[in-house]
Amino acid sequence: MTQTNSLVLASGNAGKIKELQALLSTYSLIPQTQFNVSEIEETGTTFVENAILKARHAARISKLPAIADDSGLVVATLNDAPGIYSARYAGQGATNVENITKLLRELDGVPLTQRHAYFFCVLVLMRHVDDPCPIIAQGRWDGYILEQPQGEYGFGYDPIFGVSTHNCSAAELPFDIKNSLSHRGKALSQLQRELKKAN
Ligand code: IMP
């Protein structure tokens, strides 16, 4: 790691950037756009593969350590869709509302007992483009898919992700509470433990 603890963040997703910066407060996260790093095509078939692709690409262009998040929503009754396609479930460039609308349509008539879902997040930290041992951390957050969107906070599928422990949607949770429960928060805690061991 560099002395300044700067990390290039291989994402242009404003929601992810906000959550990751709050959770990784001891590092200065520089969005990859500042180095003119374009978004790379996510050609992997797993969250891990895609996170490695993104981190390596950002490290290559920026010549700095890079961190990537690949995450998504997994719904068992839909054969694990949208999974790695969560951002583009309703098509390339789809909005959050379009993705949510498609998911609710697919689950139309499915009873609550069969609406189990989880968010999954993989974080990959590559110290340089040829790093043979990237740090890989992951986290999972179990819940269920609501029948209607609820709440205004968060991003992505938060308004339809039911949080059993709090009896509300992820979009109704204050920022800090979501971070303390979420797949991303858990992956970050694991990453921080691994970083401490490595330093
Ligand atoms: P990625 O950029 O391919 O990793 O896209 C991840 C997508 O998964 C996002 O665009 C969201 O649609 C969804 N997603 C990941 N994490 C969250 C979350 O914390 N809340 C809501 N949606 C999420």
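All residue numbers refer to positions in the sequence shown, counting from 1. Order of listing sets the numbers, starting from 1, for every ligand and every atom in it.
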R88 to ligand 1, any heavy atom closer than 4.0 Å = no
Subset of ligand 1 atoms that lie under 4.0 Å from at least one heavy atom of K178 | 18 (C), 19 (O), 20 (N)
Looking only at protein heavy atoms, what sits closest to atom 16 (N) of ligand 1 is R184 NH2, 2.8 Å
Can you list the atoms of ligand 1 that are under 4.0 Å from a heavy atom of E42?
-> 3 (O)
Which of the ligand 1 atoms, numbered from 1, are nearer than 4.0 Å to a heavy atom of D70 | 1 (P), 3 (O), 4 (O)
Non-hydrogen side-chain atoms of F161 and Y144 separated by less than 4.5 Å = no
Proximal ligand 1 atoms for F119, defined as those under 4.0 Å from one of its heavy atoms = 17 (C), 20 (N), 21 (C), 22 (N), 23 (C)
Residues 99-110, side-chain donor-acceptor partners within the protein, below 3.5 Å, at least two apart:
residue : atom : partner : partner atom : Å
N99     : OD1  : Y89     : N            : 3.3
N99     : OD1  : A90     : N            : 2.8
N99     : ND2  : S86     : O            : 3.4
N99     : ND2  : A87     : O            : 3.2
T101    : OG1  : V97     : O            : 2.6
K102    : NZ   : Y89     : O            : 3.2

Short N/O distance, under 3.5 Å, between N96 and ligand 1?
-> no
Considering only non-hydrogen protein atoms, determine which one is nearest to atom 9 (C) of ligand 1 and report residue, atom name and distance to 0.1 Å.
-> N13 ND2, 4.1 Å
Is any side-chain N of the basic residue among E39 and K54 closer than 4.0 Å to the acidic one's carboxylate O?
-> no
Quick one: nearest non-hydrogen protein atom to atom 1 (P) of ligand 1, plus distance?
-> K16 NZ, 3.3 Å
What atoms of ligand 1 come within less than 4.0 Å of a heavy atom belonging to D158?
-> 18 (C), 20 (N), 21 (C)
Counting heavy atoms under 4.0 Å, the part of K54 that contacts ligand 1 is side chain
Would you call K16 and E19 a salt bridge, taking side-chain N to carboxylate O under 4.0 Å as the test?
-> no
For a side chain to side chain contact (heavy atoms under 4.5 Å, CB included) with F119, tell me which candidate from D142, D158, V74, L181 qualifies.
-> D158
Candidates S71, A87, S86; heavy atom nearest atom 6 (C) of ligand 1 found on S71
The closest protein heavy-atom partner of atom 22 (N) of ligand 1 is Y157 N, 3.1 Å
For ligand 1, is there an atom lying under 4.0 Å from some heavy atom of G154?
-> no
